[in-house]
Structure formats: structure tokens, C-alpha cells
Amino acid sequence: MANLSSTCDDLRAEYRNILPGISAEQTKQIEAAIKAGNFLEAASVVQTFKNLSGVEFNIAITGEPGSGKSSLVNAIRGLGDEDEGAAETGVVEMTKEPVAYHHPTCPMVTFWDLPAIGTPDFRPDAYLKQVKCSHYDVFIIIASERSRFCHTKLAQEIQKMGKKFFFVRSRVDLDLYNEKHKKSFNEERTLEKIRNNCVYNLSREGMSSPQVFLVSSREFQKYDSPQLQKTLLKEFYNHKTEMFAATEGPRGNR
Ligand SMILES: Nc1nc2c(ncn2[C@@H]2O[C@H](COP(=O)(O)OP(=O)(O)OP(=O)(O)O)[C@@H](O)[C@H]2O)c(=O)[nH]1
Ligand SMILES: [Mg+2]
């Protein structure tokens with residue numbers, strides 16, 4: 001019991017750090033939503049911040065064919081793959097053009113399920129132009145296997161445009177399952193190995209401190225999903241704050 005209030009203080013301190021200005025009540029709402037794996041509910045709290053209801057935030061999800069882009073969109077929107085309004089997922093190529101997904105309680109945040117990079121219709125050299133990359137505020141690059149050159153190249157191109165990317169390593173539930181038969185199996189160590197490998201591959205190509213998240217869309221509450229959601233919230237918050245400064249700045253100077 002004694003720890004309860006200190007836990008609340010820690011929680012507020014953590015959120016005050018990443019989302020300055022939010023109240024204790026809002027902190028609780030955000031944390032509960034993130035724990036339930038409901039990013040959009042958490043984002044709808046941030047949405048009201050600074051009264052900038054018209055600020056859109058566009059998150060693009062990109063990666064190779066079958067890497068789990070649509071599954072992640074569904075998981076992050078709190079939907080099962082067969083729920084109404086869910087993105088289509090499957091074992092053959094599914095997503096053939098950018099598709100927007102939003103939510104009634106948080107209409108300003110849009111997830112864009114992009115077609116896969118590296119298919120005959122979307123070759124790497126023309127891909128970002130084809131998917132209208134300038135439209136998106138941040139990118140999630142998703143990879144379901146060992147990092148390939150294609151991912152790092154994509155990350156470089158996104159950085160060159162002055163945009164941020166987050167790297168999601170998907171389907172870690174399957175990686176753990178595949179390693180479990182080994183006598184020396186240790187879940188934490190396996191996850192750390194995967195994480196370090198992703199960071200190493202991105203850093204080797206010149207990206208400093210890349211943000212890597214290990215996620216399973218099947219077990220969305222586990223692994224790095226809470227950190228991914230908090231990072232997206234922070235980006236949304238910063239985006240709104242920048243817009244606020246841009247609209248208030250000149251008037252403030254008068
Ligand atoms: N076990 C497990 N399977 C996953 C996960 N994410 C995706 N899958 C499965 O992987 C397959 C491909 O997932 P999609 O979400 O359709 O992949 P995508 O990247 O959208 O595919 P395209 O749009 O065709 O490029 C499906 O059978 C999913 O059920 C995960 O985290 N864990
Ligand atoms: Mg898809």
C-alpha cells in the first residue's frame with residue numbers, strides 16, 4: 001500500500017517528462033489506456049491538449065511484404081483482424097495502396113497502412129514518391145525478420161526528408177516460440193539479442209540512436225508495445241505543440 005502513492009508520483013513524473021502540462025487525472029487515463037493496449041484512447045486525451053482540435057497527425061506504417069503492417073494497424077487500434085473496419089491481413093499480398101484508418105474518438109490521428117516496399121509495383125527507388133511520403137508526419141518501419149538492407153535504406157531516405165522513423169521488429173512471439181526448444185533459452189536474453197541486432201544494423205548505416213521496439217500484434221500488451229505507444233503519444237504531443245507555437249507565435253509578438 002505504501003508503494004501506491006509513490007507509484008502514482010513516479011507515473012506523473014514520467015508523463016510530466018514526456019507530456020508536460022497534463023493533469024494527474026489525464027495521466028491516469030493515459031496510463032490505463034496504454035496498459036489496455038488502446039493507443040487511440042490515450043491519444044484522445046492528448047488530442048484535447050492546447051485546444052488545437054484541428055491538428056492532424058499522420059502515422060505511416062511501412063515495410064516489406066507480409067511484415068505485419070496491417071496487423072499492427074489493427075492491434076494499435078484495438079481491433080482483431082476480423083473485426084468490422086479492421087485492415088485486411090493475410091498470407092498473400094494484401095495492401096495495394098495507402099489506406100487511412102482513424103477512430104471516432106480520436107479523428108485527428110490517422111494510421112496509414114502503406115503498400116509493401118519491394119514488390120513489382122512498388123520498387124524501392126520509386127516507393128516513397130509513390131506512397132506520397134510528404135503527407136506523413138512520422139513513419140513506422142516494420143520488419144518481421146532479420147534487418148535487411150532495404151529497411152536501413154528506407155530509414156535513411158525518411159531521415160533525408162527531415163522526418164522521424166521508429167523501427168518495429170514484429171512477430172517476436174514467433175521468434176520466442178522458435179527458440180524455446182533450446183535448453184539455454186532465456187526470453188529476456190533472446191529479446192535483447194534481437195533488439196541489439198536491429199540497433200546495430202541501423203547504426204552501421206549511419207543512424208544515430210535509432211528507436212527500436214519489439215512487438216507482437218498477437219500479444220499486443222506485451223514486449224515493447226507500451227513504450228511504442230508512449231513514443232507515438234509524445235510525437236503527437238510535440239506535433240501539436242509545434243503547431244500551437246506556429247499559430248500563436250506571430251500574434252504573441254504583436
Ligand atoms: N504470430 C504472429 N503473426 C503475425 C504477427 N503480425 C502479423 N502476423 C501474421 O503475418 C501475416 C502477414 O500479416 P499482415 O499484417 O497481413 O502483413 P502486411 O505487412 O500488412 O502484408 P502486405 O500488406 O501483404 O504487405 C498474417 O498471417 C498475420 O496474421 C505477429 O505479431 N505475430
Ligand atoms: Mg497489409
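Every number for a ligand or one of its atoms is a count from 1 in the order of the listing.
The closest side-chain donor-acceptor pair between Q229 and S225 falls under 3.5 angstrom.
Of the listed residues (G90, A116, S70), the one carrying the non-hydrogen atom nearest atom 16 (O) of ligand 1 is G90.
Using a 30° and 60° split on the angle between ring planes, F57 and H239 fall in the tilted class, from 30° to 60°.
Between F39 and F111, the ring center distance clears the sub-6.0 Å criterion.
Using a cut-off of 4.0 Å between Lys/Arg side-chain N and Asp/Glu carboxylate O, R195 and E192 are scored as salt-bridged. Remark: D137 does not engage K164 in a salt bridge, criterion side-chain N to carboxylate O under 4.0 Å. The existence of a salt bridge linking E157 and K160 is confirmed by a sub-4.0 Å separation between a basic side-chain nitrogen and an acidic carboxylate oxygen.
Taking a cut-off of under 4.0 Å to the non-hydrogen atoms of K69, the atoms of ligand 1 that pass are 15 (O), 17 (O), 18 (P), 19 (O), 20 (O), 21 (O), 22 (P), 25 (O). Close approach to S217 involves these atoms of ligand 1, each under 4.0 Å from a residue heavy atom: 30 (C), 31 (O). Within the listing of ligand 1, atoms 31 (O) sit less than 4.0 angstrom from a heavy atom of S216. Taking every heavy atom of L174 and a limit of under 4.0 angstrom, the matching atoms of ligand 1 come to 1 (N). Applying the 4.0 Å criterion to heavy atoms of G68 picks out, from ligand 1, the atoms 7 (C), 13 (O), 14 (P), 15 (O), 17 (O), 18 (P), 19 (O).
For ligand 1, the polar-atom distance check against S67 finds a nitrogen or oxygen pair separated by under 3.5 Å. Polar contact with ligand 1: absent for D113 (N/O pair, distance under 3.5 Å). Checked against a 3.5 angstrom limit, the closest N/O atoms of D81 and ligand 1 fall outside it. Looking at D173 next to ligand 1, an N or O pair under 3.5 Å apart turns up.
Environment of CZ in F185: crowded, with over 12 heavy atoms of neighbouring residues, nucleotides or ligands closer than 6.0 Å. By the neighbour-count criterion of 12 heavy atoms within 6.0 Å, atom CD of E97 is sparsely surrounded, having that number or fewer from other residues, nucleotides or ligands.
If you look at T89 next to ligand 1, the close heavy atoms, those under 4.0 Å, come from the backbone and the side chain alike. Residue contacts with ligand 1 for S170 are absent, since no atom lies close enough (heavy atoms, distance under 4.0 Å).
Contact annotation: P65 has at least one heavy atom less than 4.0 Å from an atom of ligand 1. Contact between G66 and ligand 1 is present, with at least one heavy atom of the residue lying under 4.0 Å from the ligand.
With hydrogens and angles ignored, the 3.5 Å screen pairs no side-chain donor or acceptor of D224 with any backbone N or O of Q227.
Of all heavy-atom pairs between W112 and P98, the closest is CE3-CB, 4.0 Å.
In summary, S70 places an N/O/S atom under 2.8 Å from the Mg ion (ligand 2), meeting the contact criterion.
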